[in-house]
Protein chains: 2
Amino acid sequence: MVTASERGREVRRKLLNAALELVPELGWNAVSTRALAERAGVAPGLVHYHFSSLQAVLREAAVGEMRRTLGAAIPEFERAGTPADGIGMMLESLDAYSGDDPASLMFTEAYLVSARDEELRGELAGLLAEFRDGLARWLGEHGQGSPVETASVLAAAVDGVLLHRPLNPALTSSAVAPVLRRILGPDIEGEEHR
Amino acid sequence: MVTASERGREVRRKLLNAALELVPELGWNAVSTRALAERAGVAPGLVHYHFSSLQAVLREAAVGEMRRTLGAAIPEFERAGTPADGIGMMLESLDAYSGDDPASLMFTEAYLVSARDEELRGELAGLLAEFRDGLARWLGEHGQGSPVETASVLAAAVDGVLLHRPLNPALTSSAVAPVLRRILGPDIEGEEHR
DNA sequence: CTACCGTTTGGGCAATCGCCCAAATCGATT
DNA sequence: AATCGATTTGGGCGATTGCCCAAACGGTAG
């Protein structure tokens with residue numbers, strides 16, 4: 001015995017999962033109402049019954065996925081004893097992402113769309129700020145100088161590596177980790193330019 | 001007196017410039033034949049007279065823009081005396097790119113599309129390899145250890161910063177430069193994980 | 001002047017788009 | 001059994017898509 005509202009929530013879930021598959025496969029702007037419904041195995045009209053628009057489905061799917069991924073990253077980080085080990089662990093778990101896998105592509109697609117979608121931009125900025133602050137706090141507690149700036153650059157660098165990976169197969173974690181770890185070292189003297 | 005072929009080459013140029021504007025404005029997949037022609041100030045049919053497909057216009061525009069930008073970056077780099085100064089200079093000139101400006105968005109759009117477009121992927125990989133190798137050679141000549149890995153991570157980190165900038169306004173060059181410069185320092189010891 | 005050829009025009013083609021909606025369906029409640 | 005509200009169905013709406021093409025245009029050569 002299944003109530004109508006239970007079936008409804010299941011359809012919603014299937015639509016969000018379909019979005020998680022199709023955005024990386026086709027690109028955010030190439031996902032259509034009908035393709036989404038077909039992948040979810042439901043009738044096309046259901047998309048606009050459960051969501052206010054096609055964009056709303058994609059936004060909710062993207063934000064949910066990123067929240068899950070980033071939320072799992074912080075505690076994993078904290079299992080490491082030192083920041084240097086933390087970067088190592090993070091990059092190792094990052095080897096699961098080739099850069100052209102669904103999760104990586106969803107991240108980049110969302111970043112890019114957020115440049116033109118104010119609502120998505122706000123949600124992503126909040127998500128990213130939360131992750132960055134968590135990382136910065138942990139870095140600070142372990143004696144890292146300029147923890148906020150370091151965390152910001154670290155987060156950006158990791159996404160940059162994912163962005164470059166499909167074009168540069170040499171960017172494996174074992175090649176990246178030693179270089180990226182140096183970011184935890186002391187400042188390097190350099191002229192300040194005007 | 002203007003020959004037909006001269007007018008033709010001018011139309012081609014105008015279409016490529018229009019693509020340079022519209023891809024960042026609307027997103028790669030949202031640029032249509034008609035919108036492109038309208039922005040270029042030419043008739044719609046000309047798009048498929050001068051190019052084999054709409055995608056071909058966007059590809060040629062993106063590759064050209066990236067070739068120009070990356071090509072200008074290497075000599076600028078070499079004007080610096082030390083790698084530390086080079087990063088400073090690069091990041092300063094990078095302040096011209098807010099992350100949601102046309103040039104930055106075109107870079108990211110191209111990276112993303114290349115995940116699904118084999119031809120574009122090949123061209124971008126070549127472009128990126130050329131830049132990375134030039135940077136690595138210069139780093140090596142200035143005594144930088146692991147120059148290839150350092151250059152690869154540096155290139156990725158810069159693109160990551162551009163990707164994050166619209167979501168994290170604190171990522172100014174003055175905040176990023178000191179952190180990113182540490183990448184030129186000595187290796188940091190850290191456990192190797194199994 | 002005529003013939004020629006690369007360029008340009010603008011409308012047409014079939015396909016697809018996001019979104020809408022009346023009607024059908026289904027379990028729960030009376 | 002009758003009724004109700006939430007969910008589902010599938011087709012329809014006007015707009016837009018990439019690409020095509022016959023016809024017009026315009027400078028050059030014979």
Side-chain angles (χ1 to χ4, degrees), chain A residues 1-62 109-110 113 116-120, chain B residues 1-62 109-110 113 116-120:
Chain A
M1 176 153 17
V2 185
T3 72
S5 105
E6 279 172 329
R7 274 186 300 125
R9 289 187 18 250
E10 172 70 7
V11 167
R12 245 188 92 94
R13 202 189 54 80
K14 281 200 277 192
L15 283 170
L16 290 172
N17 281 342
L20 248 32
E21 293 180 18
L22 287 179
V23 168
E25 277 179 35
L26 312 175
W28 187 291
N29 282 320
V31 176
S32 70
T33 309
R34 289 163 181 82
L36 191 67
E38 188 182 3
R39 179 63 62 98
V42 303
L46 285 181
V47 174
H48 288 86
Y49 177 78
H50 288 286
F51 297 89
S52 63
S53 72
L54 176 62
Q55 291 305 310
V57 194
L58 307 186
R59 263 199 305 264
E60 184 167 329
E109 289 279 356
V113 170
R116 296 169 213 105
D117 182 323
E118 195 169 355
E119 186 171 334
L120 182 60
Chain B
M1 174 154 18
V2 184
T3 72
S5 106
E6 280 172 328
R7 274 185 301 125
R9 290 188 17 250
E10 172 70 7
V11 167
R12 245 188 92 95
R13 202 189 54 80
K14 282 200 275 192
L15 284 170
L16 291 172
N17 281 342
L20 248 32
E21 293 180 19
L22 287 179
V23 168
E25 276 179 37
L26 312 175
W28 188 290
N29 282 321
V31 176
S32 70
T33 309
R34 289 163 181 82
L36 190 67
E38 188 182 3
R39 179 63 63 98
V42 304
L46 285 181
V47 173
H48 288 87
Y49 176 77
H50 288 286
F51 297 89
S52 62
S53 72
L54 176 62
Q55 292 304 311
V57 194
L58 307 186
R59 263 200 304 264
E60 184 168 328
E109 289 279 357
V113 170
R116 295 169 215 106
D117 182 324
E118 196 170 355
E119 187 172 335
L120 182 59

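Naming: A, B, ... by sequence-line order, numbering from 1 per chain.
- Note that CD of A:Glu25 is 11.0 Å distant from CG of A:Leu20, once rounded to the nearest 0.5 Å.
- A straight line from CD of A:Glu38 to P of D:dT9 spans 14 Å, rounded to a whole angstrom.
- At C:dG6, none of the side-chain N or O atoms of B:His50 fall inside 4.0 Å of OP1 or OP2 (strictly under the cut-off).
- Heavy-atom distances under 4.0 Å link DNA chain D to no residue of residues 14-25 of chain A.
- Between the OG atom of B:Ser52 and the CD atom of B:Glu60 there is a distance of 9.5 Å, given to the nearest 0.5 Å.
- Between B:Asp117 and B:Trp28, every side-chain heavy-atom pair lies at or beyond the 4.5 Å cut-off.
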I'd like to know whether A:Lys14 forms a side chain to side chain contact (heavy atoms under 4.5 Å, CB included) with A:Glu10, so could you lay out the CA-CA distance, the side-chain angles of the two residues, the decisive distance to 0.1 Å, and finally the verdict. CA-CA 6 Å; A:Lys14 281 200 277 192; A:Glu10 172 70 7; 4.0 Å; yes
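- The CG atom of A:Leu58 lies 9.5 Å from the CG atom of A:Leu120; values are rounded to the nearest 0.5 Å.
- Rounded to the nearest 0.5 Å, atoms OG (A:Ser32) and CZ (A:Arg39) are 11.0 Å apart.
- Distance check, rounded to the nearest 0.5 Å: CZ of B:Arg12 to CG of B:Leu46 gives 12.5 Å.
- Heavy atoms of A:Val31 sit under 4.0 angstrom from primed sugar atoms or phosphate atoms, though from no base atom.
- Going from atom OH of A:Tyr49 over to atom P of C:dG18 covers 21 Å, rounded to whole Å.
- Between B:Phe51 and B:Leu16, some side-chain heavy-atom pair lies under the 4.5 Å cut-off.
- A side-chain donor-acceptor contact under 3.5 Å links A:Arg116 to the backbone of B:Pro24.
- The side chain of A:Ser32 places an N or O atom within less than 4.0 Å of a non-bridging phosphate oxygen (OP1 or OP2) of C:dC17.
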Are any protein N/O atoms closer than 3.5 Å to N/O atoms in nucleotides 19-25 of chain C? If there are, list each pair with its distance.
from   : atom 1 : to      : atom 2 : distance (Å)
C:dC19 : OP2    : A:His48 : NE2    : 2.6
C:dC19 : OP2    : A:Leu54 : N      : 3.0
C:dC19 : O5'    : A:His48 : NE2    : 3.3
C:dC19 : N4     : A:Arg34 : NH2    : 3.4

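- Note: CZ (A:Arg12) to P (D:dA6) measures 16 Å, nearest angstrom.
- If you measure from atom CG of B:Leu36 to atom P of D:dT17, you get 12 Å, rounded to the nearest angstrom.
- Following rounding to the nearest Å, B:Leu46 (CG) and D:dC25 (P) show an atom-to-atom distance of 16 Å.
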